[in-house]
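In what follows, chains are A, B, ... by sequence order, proteins preceding strands, each numbered from 1. These numbers come from the heavy atoms of this one structure, side chains and all, not from hydrogens, waters or symmetry mates. Small disclaimer: the values here were computed from a predicted structure and weren't measured.
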Number of protein chains: 2
Amino acid sequence: MDKQERQNKESEILAAAEQEFIAKGYDGARTTSIAQAAGVTHAMLHYYFRTKEQLFERIVDEKFRVMSQSMLAVFGDPNLPILERIKGGIEAHFDYIAANPELPRFVINEIITRPERYELLHRHAGVIVSNIYDNLQREIDAAAERKEIERLDIRMLFISIMSLNIFTFVAYPFMQPIMGALMADRNKFLEERKRENIETIMRRIKRQ
Amino acid sequence: MDKQERQNKESEILAAAEQEFIAKGYDGARTTSIAQAAGVTHAMLHYYFRTKEQLFERIVDEKFRVMSQSMLAVFGDPNLPILERIKGGIEAHFDYIAANPELPRFVINEIITRPERYELLHRHAGVIVSNIYDNLQREIDAAAERKEIERLDIRMLFISIMSLNIFTFVAYPFMQPIMGALMADRNKFLEERKRENIETIMRRIKRQ
DNA sequence: CTTTGTCTTAACAATTTTGTTAAACAATCT
DNA sequence: AGATTGTTTAACAAAATTGTTAAGACAAAG
(Lines give C-alpha, C1' and ligand atoms only; values in the text may rest on other atoms or scores of the structure.)
Protein backbone atom coordinates (compact mmCIF):
# COMPACT_ATOMS: atom_id res chain seq x y z
CA MET A 1 0.00 0.00 0.00
CA ASP A 2 1.51 3.30 -0.98
CA LYS A 3 1.32 6.63 0.77
CA GLN A 4 -1.40 8.01 -1.42
CA GLU A 5 -3.76 5.15 -0.67
CA ARG A 6 -3.12 5.54 3.01
CA GLN A 7 -3.82 9.25 2.96
CA ASN A 8 -6.84 8.47 0.90
CA LYS A 9 -8.18 6.15 3.55
CA GLU A 10 -7.48 8.70 6.22
CA SER A 11 -9.26 11.43 4.35
CA GLU A 12 -12.17 9.15 3.53
CA ILE A 13 -12.62 8.52 7.23
CA LEU A 14 -12.38 12.23 7.90
CA ALA A 15 -14.95 13.01 5.23
CA ALA A 16 -17.35 10.38 6.54
CA ALA A 17 -16.80 11.57 10.09
CA GLU A 18 -17.52 15.15 9.14
CA GLN A 19 -20.82 14.17 7.60
CA GLU A 20 -21.83 11.98 10.51
CA PHE A 21 -20.81 14.42 13.24
CA ILE A 22 -22.51 17.37 11.58
CA ALA A 23 -25.67 15.44 10.88
CA LYS A 24 -26.00 13.72 14.26
CA GLY A 25 -23.74 15.52 16.69
CA TYR A 26 -21.02 13.92 18.76
CA ASP A 27 -23.34 11.79 20.86
CA GLY A 28 -25.48 10.67 17.96
CA ALA A 29 -22.55 9.76 15.75
CA ARG A 30 -21.37 6.13 15.67
CA THR A 31 -17.80 5.19 14.92
CA THR A 32 -19.01 2.03 13.18
CA SER A 33 -21.28 4.06 10.88
CA ILE A 34 -18.41 6.37 10.05
CA ALA A 35 -16.15 3.43 9.30
CA GLN A 36 -18.79 1.81 7.13
CA ALA A 37 -19.43 5.02 5.21
CA ALA A 38 -15.70 5.38 4.69
CA GLY A 39 -15.41 1.77 3.51
CA VAL A 40 -13.09 0.55 6.25
CA THR A 41 -13.48 -1.72 9.25
CA HIS A 42 -14.10 0.03 12.53
CA ALA A 43 -10.84 -1.32 13.87
CA MET A 44 -9.10 0.66 11.14
CA LEU A 45 -10.80 3.82 12.26
CA HIS A 46 -9.39 3.28 15.72
CA TYR A 47 -6.03 2.44 14.26
CA TYR A 48 -5.89 5.76 12.43
CA PHE A 49 -7.50 8.04 14.99
CA ARG A 50 -7.26 6.12 18.23
CA THR A 51 -10.52 7.33 19.74
CA LYS A 52 -13.84 8.84 18.70
CA GLU A 53 -12.91 11.88 20.73
CA GLN A 54 -9.70 12.47 18.78
CA LEU A 55 -11.44 12.02 15.47
CA PHE A 56 -14.06 14.52 16.56
CA GLU A 57 -11.46 17.05 17.57
CA ARG A 58 -9.96 16.95 14.12
CA ILE A 59 -13.33 17.92 12.68
CA VAL A 60 -14.10 20.53 15.30
CA ASP A 61 -10.76 22.29 14.94
CA GLU A 62 -11.25 22.52 11.21
CA LYS A 63 -14.79 23.84 11.58
CA PHE A 64 -13.83 26.40 14.18
CA ARG A 65 -11.19 27.70 11.84
CA VAL A 66 -13.64 28.03 8.97
CA MET A 67 -16.15 29.71 11.26
CA SER A 68 -13.57 32.25 12.36
CA GLN A 69 -12.69 32.98 8.76
CA SER A 70 -16.33 33.49 7.88
CA MET A 71 -16.65 36.00 10.70
CA LEU A 72 -13.61 37.88 9.47
CA ALA A 73 -15.23 38.12 6.05
CA VAL A 74 -17.91 40.40 7.49
CA PHE A 75 -15.43 43.22 7.75
CA GLY A 76 -14.91 43.47 4.04
CA ASP A 77 -12.17 45.15 2.05
CA PRO A 78 -10.54 47.99 4.00
CA ASN A 79 -9.61 49.77 0.78
CA LEU A 80 -13.20 50.44 -0.23
CA PRO A 81 -15.24 53.40 0.97
CA ILE A 82 -17.21 52.59 4.09
CA LEU A 83 -20.60 51.84 2.53
CA GLU A 84 -19.10 49.70 -0.21
CA ARG A 85 -16.95 47.98 2.33
CA ILE A 86 -19.85 46.99 4.56
CA LYS A 87 -21.95 45.91 1.61
CA GLY A 88 -19.10 43.74 0.35
CA GLY A 89 -18.63 42.32 3.83
CA ILE A 90 -22.24 41.24 4.09
CA GLU A 91 -22.07 39.65 0.68
CA ALA A 92 -18.81 37.83 1.38
CA HIS A 93 -20.11 36.54 4.70
CA PHE A 94 -23.34 35.39 3.12
CA ASP A 95 -21.48 33.50 0.41
CA TYR A 96 -19.18 31.97 2.97
CA ILE A 97 -22.09 30.58 4.95
CA ALA A 98 -23.83 29.52 1.76
CA ALA A 99 -20.81 27.36 0.99
CA ASN A 100 -20.92 25.89 4.52
CA PRO A 101 -24.60 26.04 5.43
CA GLU A 102 -24.38 23.65 8.37
CA LEU A 103 -21.36 25.24 9.90
CA PRO A 104 -22.99 27.71 12.31
CA ARG A 105 -25.39 25.26 13.84
CA PHE A 106 -22.64 22.71 14.35
CA VAL A 107 -20.31 25.22 15.96
CA ILE A 108 -22.97 26.74 18.20
CA ASN A 109 -24.13 23.34 19.38
CA GLU A 110 -20.61 22.22 20.05
CA ILE A 111 -19.98 25.30 22.15
CA ILE A 112 -23.17 24.97 24.12
CA THR A 113 -23.09 21.26 24.83
CA ARG A 114 -19.36 21.28 25.63
CA PRO A 115 -18.53 24.72 26.95
CA GLU A 116 -14.97 23.73 27.84
CA ARG A 117 -14.10 23.97 24.17
CA TYR A 118 -15.34 27.53 24.19
CA GLU A 119 -11.94 29.04 24.55
CA LEU A 120 -10.72 27.84 21.19
CA LEU A 121 -13.14 30.01 19.25
CA HIS A 122 -12.63 32.65 21.87
CA ARG A 123 -8.94 32.89 21.04
CA HIS A 124 -9.65 32.94 17.32
CA ALA A 125 -12.41 35.47 17.71
CA GLY A 126 -10.45 37.66 20.06
CA VAL A 127 -8.34 38.73 17.12
CA ILE A 128 -11.44 39.58 15.16
CA VAL A 129 -12.80 41.82 17.86
CA SER A 130 -9.59 43.80 18.05
CA ASN A 131 -9.90 44.34 14.33
CA ILE A 132 -13.42 45.63 14.70
CA TYR A 133 -12.47 48.13 17.29
CA ASP A 134 -9.17 49.39 16.04
CA ASN A 135 -10.18 49.76 12.44
CA LEU A 136 -13.80 49.78 11.55
CA GLN A 137 -15.28 51.59 14.52
CA ARG A 138 -12.91 54.50 13.94
CA GLU A 139 -13.83 54.60 10.29
CA ILE A 140 -17.50 54.54 11.09
CA ASP A 141 -17.14 57.31 13.62
CA ALA A 142 -15.32 59.40 11.07
CA ALA A 143 -17.98 58.82 8.42
CA ALA A 144 -20.69 59.64 10.97
CA GLU A 145 -18.82 62.82 11.83
CA ARG A 146 -18.97 63.76 8.15
CA LYS A 147 -22.73 63.06 8.28
CA GLU A 148 -22.36 60.31 5.67
CA ILE A 149 -23.89 57.60 7.85
CA GLU A 150 -25.60 57.12 11.18
CA ARG A 151 -23.58 56.99 14.35
CA LEU A 152 -23.61 53.40 15.55
CA ASP A 153 -21.81 50.66 17.43
CA ILE A 154 -20.06 48.33 15.01
CA ARG A 155 -20.64 45.41 17.36
CA MET A 156 -24.38 45.82 17.11
CA LEU A 157 -24.11 46.01 13.35
CA PHE A 158 -21.94 42.91 13.38
CA ILE A 159 -24.54 40.98 15.34
CA SER A 160 -27.28 42.11 12.99
CA ILE A 161 -25.35 41.01 9.91
CA MET A 162 -24.52 37.64 11.40
CA SER A 163 -28.15 37.21 12.50
CA LEU A 164 -29.60 37.91 9.09
CA ASN A 165 -27.08 35.85 7.17
CA ILE A 166 -26.79 32.85 9.46
CA PHE A 167 -30.43 32.43 10.39
CA THR A 168 -31.31 32.12 6.73
CA PHE A 169 -29.38 28.88 6.57
CA VAL A 170 -29.90 27.52 10.04
CA ALA A 171 -33.65 27.86 9.74
CA TYR A 172 -33.94 26.91 6.08
CA PRO A 173 -35.08 23.33 6.71
CA PHE A 174 -37.99 24.34 8.86
CA MET A 175 -38.93 27.52 7.08
CA GLN A 176 -38.89 26.05 3.61
CA PRO A 177 -42.05 23.95 3.86
CA ILE A 178 -44.09 26.75 5.40
CA MET A 179 -43.04 29.45 2.98
CA GLY A 180 -44.50 28.03 -0.21
CA ALA A 181 -43.26 29.44 -3.48
CA LEU A 182 -40.88 31.90 -1.85
CA MET A 183 -38.41 29.20 -0.87
CA ALA A 184 -39.24 26.56 -3.45
CA ASP A 185 -36.23 27.38 -5.62
CA ARG A 186 -33.31 27.42 -3.22
CA ASN A 187 -30.85 29.36 -5.36
CA LYS A 188 -33.40 31.97 -6.31
CA PHE A 189 -34.43 32.40 -2.69
CA LEU A 190 -30.84 32.73 -1.52
CA GLU A 191 -30.20 35.46 -4.08
CA GLU A 192 -33.28 37.35 -2.95
CA ARG A 193 -32.39 36.84 0.66
CA LYS A 194 -28.88 38.15 0.17
CA ARG A 195 -30.24 41.30 -1.46
CA GLU A 196 -32.76 41.67 1.35
CA ASN A 197 -30.08 41.38 4.04
CA ILE A 198 -27.91 43.97 2.33
CA GLU A 199 -30.87 46.31 1.91
CA THR A 200 -31.85 45.89 5.56
CA ILE A 201 -28.39 46.72 6.84
CA MET A 202 -27.84 49.56 4.39
CA ARG A 203 -31.04 51.24 5.50
CA ARG A 204 -29.93 50.85 9.10
CA ILE A 205 -26.71 52.65 8.32
CA LYS A 206 -27.69 55.46 5.98
CA ARG A 207 -28.76 58.76 7.41
CA GLN A 208 -32.44 59.39 6.99
CA MET B 1 -49.31 7.93 48.34
CA ASP B 2 -51.92 10.42 47.23
CA LYS B 3 -52.54 11.82 43.82
CA GLN B 4 -50.70 15.04 44.41
CA GLU B 5 -47.48 13.31 45.38
CA ARG B 6 -47.71 11.13 42.32
CA GLN B 7 -48.24 14.06 40.01
CA ASN B 8 -45.41 15.78 41.77
CA LYS B 9 -43.06 12.94 40.98
CA GLU B 10 -44.19 12.88 37.41
CA SER B 11 -43.64 16.58 36.97
CA GLU B 12 -40.28 16.42 38.69
CA ILE B 13 -39.19 13.84 36.16
CA LEU B 14 -40.53 16.00 33.36
CA ALA B 15 -38.72 19.06 34.66
CA ALA B 16 -35.46 17.17 34.99
CA ALA B 17 -35.93 15.64 31.56
CA GLU B 18 -36.54 19.02 29.99
CA GLN B 19 -33.32 20.38 31.41
CA GLU B 20 -31.30 17.36 30.37
CA PHE B 21 -32.73 17.05 26.85
CA ILE B 22 -32.32 20.74 26.12
CA ALA B 23 -28.79 20.86 27.50
CA LYS B 24 -27.52 17.66 25.90
CA GLY B 25 -29.92 16.68 23.16
CA TYR B 26 -31.68 13.36 22.85
CA ASP B 27 -28.55 11.30 22.29
CA GLY B 28 -26.53 13.01 24.97
CA ALA B 29 -29.25 12.76 27.60
CA ARG B 30 -29.13 9.84 30.05
CA THR B 31 -32.26 8.46 31.66
CA THR B 32 -30.30 7.67 34.80
CA SER B 33 -29.14 11.29 35.07
CA ILE B 34 -32.69 12.49 34.61
CA ALA B 35 -33.95 10.10 37.28
CA GLN B 36 -31.21 11.17 39.65
CA ALA B 37 -31.91 14.87 39.07
CA ALA B 38 -35.59 14.21 39.70
CA GLY B 39 -34.82 12.28 42.87
CA VAL B 40 -36.27 8.94 41.78
CA THR B 41 -34.79 5.59 40.83
CA HIS B 42 -34.34 5.01 37.15
CA ALA B 43 -36.80 2.14 37.30
CA MET B 44 -39.42 4.70 38.35
CA LEU B 45 -38.70 6.80 35.31
CA HIS B 46 -39.41 3.80 33.13
CA TYR B 47 -42.46 2.97 35.16
CA TYR B 48 -43.94 6.42 34.56
CA PHE B 49 -42.87 7.01 30.97
CA ARG B 50 -42.04 3.55 29.71
CA THR B 51 -39.19 4.57 27.39
CA LYS B 52 -36.74 7.40 26.89
CA GLU B 53 -38.36 8.01 23.53
CA GLN B 54 -41.80 8.57 25.06
CA LEU B 55 -40.42 10.87 27.72
CA PHE B 56 -38.67 12.85 25.02
CA GLU B 57 -41.82 13.18 22.97
CA ARG B 58 -43.61 14.74 25.91
CA ILE B 59 -40.95 17.43 26.02
CA VAL B 60 -40.78 17.95 22.28
CA ASP B 61 -44.52 18.32 21.86
CA GLU B 62 -44.59 20.97 24.54
CA LYS B 63 -41.64 22.84 23.04
CA PHE B 64 -43.07 22.75 19.53
CA ARG B 65 -46.26 24.26 20.86
CA VAL B 66 -44.41 27.08 22.60
CA MET B 67 -42.33 27.69 19.48
CA SER B 68 -45.45 27.98 17.35
CA GLN B 69 -46.95 30.43 19.80
CA SER B 70 -43.82 32.54 19.73
CA MET B 71 -44.00 32.69 15.96
CA LEU B 72 -47.60 33.82 16.10
CA ALA B 73 -46.56 36.62 18.42
CA VAL B 74 -44.62 38.25 15.58
CA PHE B 75 -47.84 39.30 13.91
CA GLY B 76 -48.85 41.61 16.71
CA ASP B 77 -52.20 43.16 17.54
CA PRO B 78 -54.42 43.45 14.43
CA ASN B 79 -56.27 46.41 15.96
CA LEU B 80 -53.24 48.68 15.90
CA PRO B 81 -52.12 50.72 12.90
CA ILE B 82 -49.64 48.84 10.77
CA LEU B 83 -46.39 50.35 12.04
CA GLU B 84 -47.45 50.04 15.65
CA ARG B 85 -48.59 46.52 15.00
CA ILE B 86 -45.30 45.38 13.55
CA LYS B 87 -43.32 47.13 16.26
CA GLY B 88 -45.45 45.43 18.90
CA GLY B 89 -45.00 42.11 17.15
CA ILE B 90 -41.22 42.35 17.18
CA GLU B 91 -41.28 43.27 20.84
CA ALA B 92 -43.67 40.48 21.80
CA HIS B 93 -41.64 37.92 19.88
CA PHE B 94 -38.41 39.13 21.43
CA ASP B 95 -39.87 38.84 24.92
CA TYR B 96 -41.22 35.42 24.14
CA ILE B 97 -37.81 34.14 23.13
CA ALA B 98 -36.20 35.94 26.07
CA ALA B 99 -38.43 33.88 28.35
CA ASN B 100 -37.42 30.69 26.51
CA PRO B 101 -33.93 31.42 25.27
CA GLU B 102 -33.00 27.83 24.53
CA LEU B 103 -36.19 27.03 22.68
CA PRO B 104 -35.16 27.85 19.10
CA ARG B 105 -31.90 25.94 19.16
CA PHE B 106 -33.60 22.90 20.65
CA VAL B 107 -36.42 22.92 18.12
CA ILE B 108 -34.17 23.50 15.12
CA ASN B 109 -31.83 20.73 16.19
CA GLU B 110 -34.67 18.37 16.77
CA ILE B 111 -36.03 19.04 13.31
CA ILE B 112 -32.69 18.65 11.61
CA THR B 113 -31.46 15.54 13.37
CA ARG B 114 -34.85 13.83 13.17
CA PRO B 115 -36.60 15.19 10.11
CA GLU B 116 -39.53 12.80 10.46
CA ARG B 117 -40.86 14.99 13.22
CA TYR B 118 -40.81 17.91 10.85
CA GLU B 119 -44.46 17.64 10.01
CA LEU B 120 -45.60 18.47 13.52
CA LEU B 121 -44.29 22.00 13.39
CA HIS B 122 -45.29 22.11 9.77
CA ARG B 123 -48.93 21.56 10.70
CA HIS B 124 -48.75 24.13 13.48
CA ALA B 125 -46.92 26.60 11.31
CA GLY B 126 -49.16 26.08 8.32
CA VAL B 127 -51.86 27.94 10.19
CA ILE B 128 -49.50 30.79 10.85
CA VAL B 129 -48.60 31.19 7.23
CA SER B 130 -52.23 31.41 6.20
CA ASN B 131 -52.57 34.19 8.74
CA ILE B 132 -49.67 36.07 7.26
CA TYR B 133 -51.02 35.92 3.80
CA ASP B 134 -54.67 36.52 4.34
CA ASN B 135 -54.29 39.35 6.80
CA LEU B 136 -51.02 41.12 7.07
CA GLN B 137 -49.86 41.06 3.46
CA ARG B 138 -53.11 42.73 2.41
CA GLU B 139 -52.73 45.33 5.07
CA ILE B 140 -49.16 46.02 4.06
CA ASP B 141 -50.11 46.30 0.43
CA ALA B 142 -52.80 48.80 1.33
CA ALA B 143 -50.43 50.88 3.42
CA ALA B 144 -47.86 50.78 0.63
CA GLU B 145 -50.55 51.92 -1.80
CA ARG B 146 -51.15 54.90 0.47
CA LYS B 147 -47.36 55.55 0.38
CA GLU B 148 -47.14 55.06 4.14
CA ILE B 149 -44.54 52.28 3.96
CA GLU B 150 -42.38 50.43 1.46
CA ARG B 151 -43.87 47.73 -0.67
CA LEU B 152 -42.54 44.42 0.60
CA ASP B 153 -43.12 40.71 1.03
CA ILE B 154 -44.29 39.99 4.56
CA ARG B 155 -42.53 36.62 4.47
CA MET B 156 -39.17 38.30 3.98
CA LEU B 157 -39.93 40.65 6.82
CA PHE B 158 -40.98 37.71 8.97
CA ILE B 159 -37.66 35.96 8.32
CA SER B 160 -35.74 39.12 9.15
CA ILE B 161 -37.56 39.61 12.44
CA MET B 162 -37.07 36.00 13.46
CA SER B 163 -33.42 36.19 12.45
CA LEU B 164 -32.66 39.28 14.49
CA ASN B 165 -34.58 38.17 17.55
CA ILE B 166 -33.61 34.52 17.66
CA PHE B 167 -29.94 34.82 16.77
CA THR B 168 -29.45 37.16 19.70
CA PHE B 169 -30.23 34.30 22.07
CA VAL B 170 -28.88 31.35 20.15
CA ALA B 171 -25.51 32.99 19.73
CA TYR B 172 -25.35 34.67 23.12
CA PRO B 173 -23.04 32.09 24.71
CA PHE B 174 -20.38 32.42 22.06
CA MET B 175 -20.76 36.13 21.36
CA GLN B 176 -20.70 37.19 24.97
CA PRO B 177 -17.02 36.58 25.68
CA ILE B 178 -15.85 38.30 22.49
CA MET B 179 -18.01 41.38 22.88
CA GLY B 180 -16.54 42.78 26.04
CA ALA B 181 -18.52 45.39 27.88
CA LEU B 182 -21.38 45.39 25.38
CA MET B 183 -22.72 42.05 26.57
CA ALA B 184 -21.38 42.01 30.11
CA ASP B 185 -24.70 42.97 31.65
CA ARG B 186 -27.18 40.57 30.10
CA ASN B 187 -30.36 42.48 30.87
CA LYS B 188 -28.95 45.76 29.69
CA PHE B 189 -27.70 44.18 26.50
CA LEU B 190 -31.04 42.53 25.80
CA GLU B 191 -32.82 45.85 26.18
CA GLU B 192 -30.43 47.51 23.77
CA ARG B 193 -30.65 44.63 21.38
CA LYS B 194 -34.45 44.73 21.38
CA ARG B 195 -34.37 48.43 20.53
CA GLU B 196 -31.81 47.77 17.81
CA ASN B 197 -33.91 45.04 16.22
CA ILE B 198 -37.00 47.25 16.21
CA GLU B 199 -35.03 50.14 14.74
CA THR B 200 -33.55 47.90 12.05
CA ILE B 201 -36.90 46.58 10.94
CA MET B 202 -38.65 49.94 11.15
CA ARG B 203 -36.05 51.49 8.88
CA ARG B 204 -36.54 48.65 6.44
CA ILE B 205 -40.25 49.36 6.32
CA LYS B 206 -40.49 53.11 6.30
CA ARG B 207 -40.38 54.95 3.00
CA GLN B 208 -37.21 56.86 2.50
C1' DC C 1 -59.37 -6.09 57.85
C1' DT C 2 -59.14 -7.91 53.52
C1' DT C 3 -58.81 -7.09 48.85
C1' DT C 4 -57.29 -4.53 44.97
C1' DG C 5 -54.56 -1.99 42.40
C1' DT C 6 -50.70 1.09 42.41
C1' DC C 7 -46.05 2.23 43.59
C1' DT C 8 -41.24 1.02 44.79
C1' DT C 9 -36.95 -1.30 45.06
C1' DA C 10 -33.12 -4.04 43.81
C1' DA C 11 -31.27 -7.06 40.99
C1' DC C 12 -30.67 -8.41 36.48
C1' DA C 13 -30.88 -8.93 31.29
C1' DA C 14 -30.02 -7.35 26.60
C1' DT C 15 -28.06 -4.49 23.63
C1' DT C 16 -25.12 -1.22 21.85
C1' DT C 17 -20.92 0.90 21.44
C1' DT C 18 -16.23 1.95 22.02
C1' DG C 19 -11.90 0.26 22.22
C1' DT C 20 -8.10 -3.64 22.24
C1' DT C 21 -5.28 -7.42 20.79
C1' DA C 22 -2.94 -10.99 18.50
C1' DA C 23 -1.94 -12.73 14.45
C1' DA C 24 -1.89 -12.44 9.43
C1' DC C 25 -0.42 -9.80 5.73
C1' DA C 26 2.00 -6.35 2.82
C1' DA C 27 5.53 -3.26 1.80
C1' DT C 28 10.12 -1.57 2.24
C1' DC C 29 14.97 -1.51 3.15
C1' DT C 30 19.59 -3.57 3.43
C1' DA D 1 16.24 -13.22 0.75
C1' DG D 2 15.53 -11.78 5.38
C1' DA D 3 14.51 -8.48 8.65
C1' DT D 4 11.92 -4.64 9.88
C1' DT D 5 8.21 -1.78 9.81
C1' DG D 6 3.70 -0.64 9.10
C1' DT D 7 -1.28 -2.09 7.89
C1' DT D 8 -5.39 -5.02 8.11
C1' DT D 9 -8.57 -8.39 9.92
C1' DA D 10 -11.41 -10.89 13.03
C1' DA D 11 -12.43 -11.92 17.32
C1' DC D 12 -12.89 -10.36 21.77
C1' DA D 13 -13.30 -7.36 26.12
C1' DA D 14 -15.23 -3.69 28.83
C1' DA D 15 -18.29 -0.38 29.81
C1' DA D 16 -22.34 2.08 29.52
C1' DT D 17 -27.10 2.36 28.88
C1' DT D 18 -31.80 1.21 28.30
C1' DG D 19 -35.25 -1.57 29.70
C1' DT D 20 -37.50 -5.63 32.55
C1' DT D 21 -39.04 -8.37 36.33
C1' DA D 22 -40.19 -10.38 40.63
C1' DA D 23 -41.26 -9.47 45.13
C1' DG D 24 -43.07 -6.79 48.31
C1' DA D 25 -44.80 -2.23 50.52
C1' DC D 26 -48.44 0.74 50.78
C1' DA D 27 -52.74 3.22 50.38
C1' DA D 28 -57.61 3.28 49.25
C1' DA D 29 -62.01 1.09 48.93
C1' DG D 30 -65.25 -2.17 50.11
Side-chain angles (χ1 to χ4, degrees), chain A residues 1-63 106 109-110 113-114 116-117, chain B residues 1-63 106 109-110 113-114 116-117:
Chain A
M1 163 152 305
D2 66 355
K3 205 174 175 185
Q4 205 180 355
E5 266 185 77
R6 189 167 58 237
Q7 285 190 343
N8 215 41
K9 225 163 227 186
E10 220 179 279
S11 61
E12 288 225 35
I13 294 174
L14 278 172
E18 180 177 325
Q19 259 210 312
E20 175 97 356
F21 281 131
I22 288 179
K24 305 192 178 166
Y26 179 81
D27 295 309
R30 295 289 165 250
T31 53
T32 47
S33 304
I34 294 170
Q36 201 180 0
V40 302
T41 65
H42 90 275
M44 280 312 299
L45 182 146
H46 285 288
Y47 176 72
Y48 277 115
F49 296 96
R50 206 70 187 165
T51 66
K52 180 183 181 183
E53 186 74 29
Q54 276 181 48
L55 178 55
F56 185 63
E57 277 183 23
R58 284 283 291 268
I59 308 293
V60 167
D61 286 354
E62 149 84 6
K63 292 302 155 191
F106 177 74
N109 275 329
E110 173 53 19
T113 59
R114 305 160 71 116
E116 64 274 14
R117 209 182 286 278
Chain B
M1 163 152 308
D2 67 355
K3 207 174 174 183
Q4 204 179 353
E5 267 184 78
R6 190 169 56 237
Q7 287 191 338
N8 216 42
K9 227 163 229 187
E10 221 179 277
S11 60
E12 288 225 35
I13 294 174
L14 280 172
E18 181 177 323
Q19 259 209 313
E20 176 99 355
F21 281 130
I22 287 180
K24 306 194 179 167
Y26 179 81
D27 294 309
R30 296 289 166 249
T31 53
T32 47
S33 304
I34 294 171
Q36 201 180 0
V40 302
T41 65
H42 91 274
M44 283 311 301
L45 183 146
H46 286 289
Y47 177 74
Y48 278 115
F49 296 97
R50 206 71 189 165
T51 66
K52 181 183 181 183
E53 185 75 29
Q54 274 180 50
L55 178 55
F56 185 64
E57 277 183 22
R58 283 282 292 269
I59 309 293
V60 167
D61 287 354
E62 149 84 5
K63 292 302 155 192
F106 178 74
N109 274 330
E110 174 53 19
T113 58
R114 304 160 71 113
E116 64 276 13
R117 210 183 285 280

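Rounded to a whole Å, the CG atom of N8(A) is 11 Å from the P atom of dT8(D). Taking atom NE2 of residue H46(A) and atom P of nucleotide dA22(C), one finds them 17 Å apart after rounding to whole Å. Across the protein-nucleic acid pair, Q54(A) atom CD and dG19(C) atom C1' stand 12 Å apart, rounded to whole Å. Protein atom CG of D27(A) is 14 Å distant from nucleotide atom C1' of dT16(C), rounded to whole Å. The distance between atom CE of M44(A) and atom C1' of dT9(D), rounded to the nearest whole Å, is 9 Å. The CD1 atom of I34(B) sits 12 Å away from the P atom of dT17(D) (whole-angstrom rounding). We find that NZ of K52(A) is positioned 21 Å from P of dA14(D), with the value rounded to whole Å. Rounded to whole Å, the distance from NE2 on H42(B) to C1' on dA14(C) is 13 Å.
Between K9(B) and the phosphate of dT8(C), there is a side-chain N or O to OP1/OP2 separation shorter than 4.0 Å. Using a 4.0 Å cut-off, some side-chain N or O of Y48(A) falls inside it from OP1 or OP2 of dT8(D). Distances shown here put every side-chain N or O of R50(B) at or beyond 4.0 Å from the OP1 or OP2 atom of dG19(D). The phosphate of dT18(D) (OP1 or OP2) has a side-chain N or O of T31(B) nearer than 4.0 angstrom.
Counting all heavy atoms, side chain and backbone alike, A35(B) lies closest to L45(B) at N-CD1, 3.9 Å. Of all heavy-atom pairs spanning F21(B) and F106(B), the tightest one is O-CE1, 3.8 Å.
When distances are taken from the side chain of A43(A) to each of dA10(C), dC7(C), dT21(C), the shortest belongs to dT21(C). Of the candidate nucleotides dT18(D), dC7(C), dA11(D), dT18(D) has the atom nearest to the side chain of T32(B). Looking at the side chain of R30(B), the nearest of the listed nucleotides dG19(C), dT17(D), dT7(D) is dT17(D).
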Next on the checklist: Show, in sequence, the C-alpha distance, side-chain angles and deciding distance for R58(B) and E18(B), and conclude whether the salt bridge (charged side-chain N to carboxylate O under 4.0 Å, His left out) test is met.
Outcome noted: CA-CA 9 Å; R58(B) 283 282 292 269; E18(B) 181 177 323; over 6 Å; no
Next on the checklist: Determine whether Q36(B) and E20(B) satisfy the following criterion, side-chain contact (heavy atoms from CB on, under 4.5 Å), listing intermediate values before the conclusion.
Outcome noted: CA-CA 11 Å; Q36(B) 201 180 0; E20(B) 176 99 355; over 6 Å; no
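Within 4.0 Å (heavy atoms only), A29(B) reaches sugar-phosphate atoms of the nucleic acid but no base atom.
Results of the side chain to side chain donor-acceptor pair (under 3.5 Å) test with Y26(A) over R114(A), E53(A), K52(A) single out E53(A) as the only residue that passes.
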